[in-house]
Novice: 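Below is the structure I would like to discuss, written out as structure tokens.
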Amino acid sequence: MATAENCFKTPCKVERKKSSGSSCQSPSFTLPASPFMKKFGYGTGVSVYLMKRSPKGLSRSPWAVKKVNKQCDKSSKNLYEKRLNEEAKILKNLQHPNIIGYRGLTKTTDGSLCLAMEFGGEKSLNDLIEERSEKKLGPFPADIILKVALNMAQGLKYLHNDKKILHGDIKSSNVVVKGDFESIKICDVGVSLPLDENMTMSDPEAYYIGTESWKPKEALDEDGVITDKSDIYAFGLTLWEMMTLSIPHVNLTPETDDDEDDSFDEDDFDEDAYYEALGTRPPLNMDELDDSYQRVIELFFMCSSEDPKERPSAAQIVAALEAENIQ
């Protein structure tokens, strides 16, 4: 059964790939105990910590460390550690300014597996969306949305064209932002999938996981063909998130005449309407968007088409935005 809360979480099923059983563990660094690291994020079964690396006055860039939660039972811990291994194997072969970089995989003294990554910033795009919503600031400025769009599209172009990888779980919580949008990087490739020369997921052992609210039509159909355009649909919905400050297909703010009472009750969640809306283009309130948003809206409409063939590729998005001198 769907709820407003679990619509936002990545499922933890990871048995969709063949596994060689090998680990890319590289215990070339020592992690401090969790209490000595700052926790700044979390995911399904894992927490993310900031690891500072400046011993004896040396200046080194910090790392982000993903660690399986201690509260997990043994079977869950094994599952999440398998996913960390999968993510590490993929990250080791990626190098792009818009993709979080790999730093190492090791175990702590208590035997917990940890994945060390480039520190891309303390906040995800979703954190910024939630903050903006709480402060009732309205949609992000159009130029900021276009900047995020270009950086994300550049990362997706690299994954799709150069590495033949489908990210498989694009959404605002898997985009890390540093400072005032100084850098924008895609993270969490733990459920990514291989693409063939036709940009199609053809491995019979592969299984699209994604996160339900961002899933395209083809991922909801048992016979649907998954291609690079599946990431593009989720990319379009991420732009929608920045315009609406909402979770796709989930009405978190019931209509009310009392502007002071905008609380949400789980009973207001319409499960039938939610499932019917999955894979479609979520509506936009044009009253909140002035003429400066025209390009963003056009891009969102193209990317959120139910027909994958009508969606642009990541390379086409990059070319179009670069031609407009988006910085």
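Just so it is clear, the values below take in all heavy atoms, side chains as well, and ignore hydrogens, waters and symmetry mates.
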Novice: Looking at Phe301 and Arg281, what are the two nearest heavy atoms and their distance?
Specialist: O-NH2, 2.8 Å

Novice: Are Ser246 and Glu241 close enough that a side-chain donor and a side-chain acceptor fall under 3.5 Å?
Specialist: no

Novice: List the atom of Val189, the atom of Ile90, and the distance in Å for their closest heavy-atom pair.
Specialist: O-CD1, 3.5 Å

Novice: Does a side-chain heavy-atom distance below 4.5 Å link Trp214 with Asp169?
Specialist: no

Novice: What's the spacing between Leu159 CG and Leu94 CG if we round to 0.5 Å?
Specialist: 6.0 Å

Novice: Between the main-chain N or O of Asp223 and the side-chain N or O of Asp221, is there a donor-acceptor pair closer than 3.5 Å?
Specialist: yes

Novice: Closer than 3.5 angstrom, by distance alone: can the side chain of Tyr208 be matched with the main-chain N or O of Val191 as a donor-acceptor pair?
Specialist: no

Novice: How far does CD1 of Ile165 sit from CG of Leu156, to the nearest 0.5 angstrom?
Specialist: 11.5 Å

Novice: When you measure from the side chain of Arg132 to the backbone N and O of Leu245, does any donor-acceptor pair fall under 3.5 Å?
Specialist: no

Novice: For the residue pair Asn174 and Ile186, establish whether any side-chain heavy-atom pair is separated by less than 4.5 Å.
Specialist: no

Novice: Please check if the side chain of Lys147 supplies one atom and the backbone of Phe181 the other of a donor-acceptor pair under 3.5 Å.
Specialist: yes

Novice: With sequence neighbours left out, what residues match Arg295 under salt bridge (charged side-chain N to carboxylate O under 4.0 Å, His left out)?
Specialist: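 For Arg295 the salt bridge (charged side-chain N to carboxylate O under 4.0 Å, His left out) partners, ignoring immediate neighbours, are Glu298, Glu324.
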
Novice: Checking Asp231 side chain against His167 main chain: does a donor-acceptor pair fall under 3.5 Å?
Specialist: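 Yes, the answer is positive, given that a donor and an acceptor are paired below the 3.5 Å cut-off.
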
Novice: Taking atom CD as the centre, does Glu131 end up with more than 12 heavy-atom neighbours from other residues, nucleotides or ligands that are less than 6.0 angstrom away?
Specialist: yes

Novice: Are Ile184 and Val176 close enough, and set up right, to give a side chain to side chain contact (heavy atoms under 4.5 Å, CB included), and what steps lead you there?
Specialist: CA-CA 6 Å; Ile184 299 152; Val176 183; over 6 Å; no

Novice: Can you tell whether the side chains of Glu310 and Lys229 come within less than 4.0 Å, N to carboxylate O?
Specialist: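 Result for this pair is no, no salt bridge flagged.
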
Novice: Tell me the closest heavy-atom pair linking Asn161 and Ala315, and the distance in Å.
Specialist: ND2-CB, 4.1 Å

Novice: Under a 4.5 Å cut-off applied to non-hydrogen side-chain atoms, are Leu125 and Lys171 in contact?
Specialist: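 Counting from C-beta outward, Leu125 and Lys171 never come under 4.5 Å.
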
Novice: Applying salt bridge (Lys or Arg N to Asp or Glu O under 4.0 Å) to Glu222 and Lys217, what does each step give before you reach the verdict?
Specialist: CA-CA 10 Å; Glu222 289 185 4; Lys217 276 289 187 193; over 6 Å; no

Novice: Would you say the side chains of Tyr274 and Ser213 form a donor-acceptor pair under 3.5 Å?
Specialist: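 On atom types as modelled, these side chains qualify, holding a pair under 3.5 Å.
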
Novice: Using the rule given for side chain to side chain contact (heavy atoms under 4.5 Å, CB included), can you reason through Glu322 versus Leu150, listing the C-alpha separation, both sets of side-chain angles and the distance that settles it, and then say yes or no?
Specialist: CA-CA 8 Å; Glu322 287 183 340; Leu150 175 57; 3.9 Å; yes

Novice: Can you check whether Gln316's main-chain N or O pairs, donor with acceptor, with Ser313's side chain at less than 3.5 Å?
Specialist: yes

Novice: Could you tell me whether the side chain of Ile317 reaches within less than 4.5 Å of the side chain of Leu299, counting heavy atoms only?
Specialist: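 Yes, side chains in contact.
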
Novice: Tell me every residue that passes salt bridge (charged side-chain N to carboxylate O under 4.0 Å, His left out) with Glu306, counting only those two or more places apart in sequence or in another chain.
Specialist: none

Novice: Any chance you could lay out the side chain to side chain contact (heavy atoms under 4.5 Å, CB included) test for Leu278 and Glu212, step after step, and finish with the verdict?
Specialist: CA-CA 8 Å; Leu278 288 178; Glu212 197 169 61; 3.7 Å; yes

Novice: Could you tell me which non-hydrogen atom of Cys187 sits nearest to which non-hydrogen atom of Ile100, and how far apart they are?
Specialist: CB-CG1, 3.6 Å

Novice: Name all residues meeting the salt bridge (charged side-chain N to carboxylate O under 4.0 Å, His left out) criterion together with Lys185; count only those two or more places apart in sequence or in a different chain, and write none if there are none.
Specialist: Glu118

Novice: For Leu166 and Ser230, which heavy atoms make the closest approach, and how far apart are they?
Specialist: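 Where Leu166 meets Ser230 most closely, the heavy atoms are CD1-CB, 4.4 Å.
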
Novice: Any donor and acceptor pair, going by atom type alone, linking the side chain of Thr244 with main-chain N or O of Trp240 inside 3.5 Å?
Specialist: yes

Novice: Rounded to the nearest 0.5 Å, how far does CD1 of Ile99 lie from NZ of Lys163?
Specialist: 11.0 Å

Novice: Taking Arg83 first and then Asp188, would you say they form a salt bridge - that is, a charged N and a carboxylate O separated by under 4.0 Å?
Specialist: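 Looking at Asp188 together with Arg83, the answer is yes, because their closest N to O distance falls below 4.0 Å.
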
Novice: With the side chain counted from C-beta on, respond yes when Asn93 and Tyr102 share a heavy-atom pair under 4.5 Å apart, and no when they do not.
Specialist: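 When only atoms from C-beta onward are counted, Tyr102 and Asn93 do not touch, as no gap falls below 4.5 Å.
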
Novice: What distance do His249 atom NE2 and Tyr275 atom OH have between them, rounded to the nearest 0.5 Å?
Specialist: 12.5 Å

Novice: With side chain to side chain contact (heavy atoms under 4.5 Å, CB included) as the criterion, how do Asn151 and Val148 come out once you've worked through the C-alpha distance, each side chain's angles and the decisive distance to 0.1 Å?
Specialist: CA-CA 5 Å; Asn151 281 263; Val148 170; 6.0 Å; no

Novice: Side chains of Asp290 and Ser292: any donor to acceptor distance under 3.5 Å?
Specialist: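 Yes, Asp290 and Ser292 have a side-chain donor paired with an acceptor closer than 3.5 Å.
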
Novice: Measuring only between side-chain heavy atoms, which start at C-beta, is Leu193 closer than 4.5 Å to Leu195?
Specialist: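 Heavy-atom side-chain distance check fails, nothing below 4.5 Å.
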
Novice: Is the backbone of Ser124 close enough, under 3.5 Å, to the side chain of Asp127 for a donor and an acceptor to pair up by distance?
Specialist: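 Present.
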
Novice: Using a 4.5 Å cut-off on heavy atoms from C-beta on, say whether the side chain of Asn85 contacts that of Leu113.
Specialist: yes

Novice: Rounded to the nearest 0.5 Å, what separates atom OH in Tyr293 from atom CE in Met242?
Specialist: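 Interatomic distance, Tyr293 OH to Met242 CE, rounded to 0.5 Å: 9.0 Å.
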
Novice: Rounded to the nearest 0.5 Å, how far apart are OG of Ser202 and CG of Asp196?
Specialist: 4.0 Å

Novice: Backbone N or O of Ser133 within a donor-acceptor pair of the Lys136 side chain at under 3.5 Å?
Specialist: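 No, the answer is negative, given that no donor and acceptor are paired below the 3.5 Å cut-off.
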
Novice: Determine the minimum heavy-atom distance between Lys157 and Ala314, stating which atoms define it.
Specialist: N-CB, 3.5 Å

Novice: Identify whether Val225 and Tyr207 are in the same connected component of the hydrophobic contact network (ILVMFWY, side-chain heavy atoms under 4.5 Å).
Specialist: no

Novice: Looking at side-chain heavy atoms only, is the closest gap between Val175 and Met152 below 4.5 Å?
Specialist: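 They are in side-chain contact.
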
Novice: Taking Thr280 for the side chain and Glu276 for the main chain, is one N or O donor matched with an acceptor at less than 3.5 Å?
Specialist: no

Novice: Would Ile247 and Leu137 show up in the same hydrophobic cluster when neighbours are defined by side-chain heavy atoms closer than 4.5 Å?
Specialist: no

